[in-house]
Amino acid sequence: MQQIEMVDLKGQYQHIKEEINAAIIAAVEEAAFINGPAVKAFAKELAEYNAVKHVIPCANGTDALQIAMMALGLQPGDEVIVPAFTYVATAEVIALLGLKPLFTEVDPATFNIDVKQLKEMLSPRTKAIVPVHLYGQCADMEPLLAFAKEHQLFIIEDTAQAIGAEYNFSNGKAQKAGTMGEIGATSFFPSKNLGCYGDGGALFTNDDAMAEKLQMIANHGQRVKYYHEVVGVNSRLDTIQAAVLRVKLRQLNSYINSRQKAAAYYDKALAAVEELELPFRSPSSSHVFHQYTLKIKNGKRDALKEYLAGKGIPSMVYYPVPLHLQQAYQSRDYGKGAFPVSEQLSQEVISLPMHTELTEEQLNYITTSVQSFFT
Ligand SMILES: *Cc1c(COP(=O)(O)O)cnc(C)c1O
């Protein structure tokens with residue numbers, strides 16, 4: 001059996017090698033390394049895939065979040081609500097811009113922002129909410145959008161883990177992750193569901209004026225070269241990365257399908273293990289399984305991790321410390337116990353290998369190993 005990887009990018013490359021190599025060589029031969037034709041073409045193709053009006057490529061997912069915050073015209077001291085249980089990038093850019101991250105609790109089943117708990121934290125300075133579609137499943141956007149509208153808050157979706165996931169509204173309409181709020185921000189970090197071969201990111205919006213603003217901020221605040229209207233940043237997706245992403249975008253639905261198949265295998269094989277809680281499938285969102293994340297209910301998460309490692313099976317804990325307890329983000333507002341669900345999840349979650357190349361033999365070995373730990 002082939003060695004099991006958390007993410008198997010080498011194996012994935014083997015299936016698309018010729019197309020990828022040709023795309024990279026074409027980009028190199030054109031020597032249009034910055035803003036070459038592949039960048040525009042990719043933005044257009046991704047906009048079509050997502051059924052969103054504008055895609056603005058940028059250098060990485062963290063930049064995408066920062067550019068989004070800048071475009072909304074938030075002032076120092078304004079508050080932005082973020083889940084306590086997420087990757088640090090979401091809160092980092094808020095703090096960097098002199099804004100105040102307001103941490104909030106997540107739902108124990110979906111791991112996503114708990115809309116019910118938002119009302120009591122609002123102040124006149126609260127300006128935006130950043131739902132994170134964690135592990136590949138959309139946050140509950142319908143009530144969140146209604147809440148944001150009622151209280152005049154912007155929504156920036158962090159869809160770095162959920163590109164391609166689809167949220168179903170009660171009127172039967174479906175929309176792709178990242179296209180429901182004012183702005184969506186995503187990452188093409190290599191291990192993401194749509195990953196390039198370096199760093200990359202993008203912003204999504206359906207608003208023409210916002211698209212122009214985002215584009216301008218990502219490019220030194222200029223619309224016309226050397227005329228700077230606003231303070232911007234330098235954040236570009238380079239042509240070689242865009243060329244890679246064009247090839248991989250054509251595979252994205254098949255990649256999602258492979259992940260869902262692996263998840264279904266895990267679900268079935270692990271259903272009988274009492275000490276585990278399987279990933280919850282939200283009725284209002286598809287799940288693209290960026291991560292397949294179990295909750296270990298008997299306090300033996302770290303022991304399981306070690307046991308699996310001993311059998312050559314990698315696993316990861318996303319995330320071992322919620323943001324409000326991270327040294328960099330500690331404040332008098334939130335001590336230990338402030339967000340019990342997030343704190344408990346950080347003790348219980350473990351993600352099993354999840355990628356597009358998992359074989360039945362590997363899945364069988366992983367699941368029988370998990371079972372044997374608990375028997
Ligand atoms: C990966 C990730 C990011 C940041 O993306 P980078 O491209 O690494 O900057 C932001 N938010 C979430 C939830 C992520 O998983």
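Excluded from the calculations below are hydrogen atoms, water molecules and symmetry mates; all remaining heavy atoms, backbone and side chain alike, are included. Start at 1 and go down the list; that is how both ligands and their atoms are numbered. In this text, all values refer to a predicted model and were calculated from it rather than measured experimentally.
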Handout entry: Derivation and outcome, ring pair (Phe, Tyr, Trp, His ring centres under 6.0 Å), residues Phe339 and Tyr334
Key = CA-CA 8 Å; Phe339 302 110; Tyr334 320 99; 5.5 Å; yes
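Checked against a 6.0 Å centroid threshold, the rings of Phe111 and Tyr135 count as neighbours.
Classification of Lys100 and Asp333 as a salt-bridged pair holds, one side-chain N sitting under 4.0 Å from a carboxylate O.
A distance-only check finds no donor-acceptor pair linking the side chain of Arg259 to the backbone of Gln291 [under 3.5 Å].
Under 3.5 Å, the side chains of Thr293 and Ser351 contain a donor-acceptor pair of N or O atoms.
By the 4.5 Å side-chain criterion applied to Ile, Leu, Val, Met, Phe, Trp and Tyr, Phe204 is assigned to a cluster that also includes Phe42, Leu46, Tyr49, Val52, Val55, Ile163, Phe188, Leu194, Leu237, Leu245, Leu249, Leu252, Ile256, Val288.
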Show the distances, to 0.1 Å, for all pairs joining an N/O atom of ligand 1 and a protein N/O atom that are shorter than 3.5 Å, listing one pair per line.
{"residue": "ligand 1", "atom": "5 (O)", "partner": "Ser187", "partner atom": "OG", "Å": "3.3"}
{"residue": "ligand 1", "atom": "7 (O)", "partner": "Gly61", "partner atom": "N", "Å": "2.7"}
{"residue": "ligand 1", "atom": "7 (O)", "partner": "Ser187", "partner atom": "OG", "Å": "2.7"}
{"residue": "ligand 1", "atom": "9 (O)", "partner": "Gly61", "partner atom": "N", "Å": "3.3"}
{"residue": "ligand 1", "atom": "9 (O)", "partner": "Thr62", "partner atom": "N", "Å": "2.8"}
{"residue": "ligand 1", "atom": "9 (O)", "partner": "Thr62", "partner atom": "OG1", "Å": "2.5"}
{"residue": "ligand 1", "atom": "11 (N)", "partner": "Asp158", "partner atom": "OD1", "Å": "3.3"}
{"residue": "ligand 1", "atom": "11 (N)", "partner": "Asp158", "partner atom": "OD2", "Å": "2.7"}
{"residue": "ligand 1", "atom": "15 (O)", "partner": "Gln161", "partner atom": "NE2", "Å": "2.9"}
{"residue": "ligand 1", "atom": "15 (O)", "partner": "Lys192", "partner atom": "NZ", "Å": "2.6"}

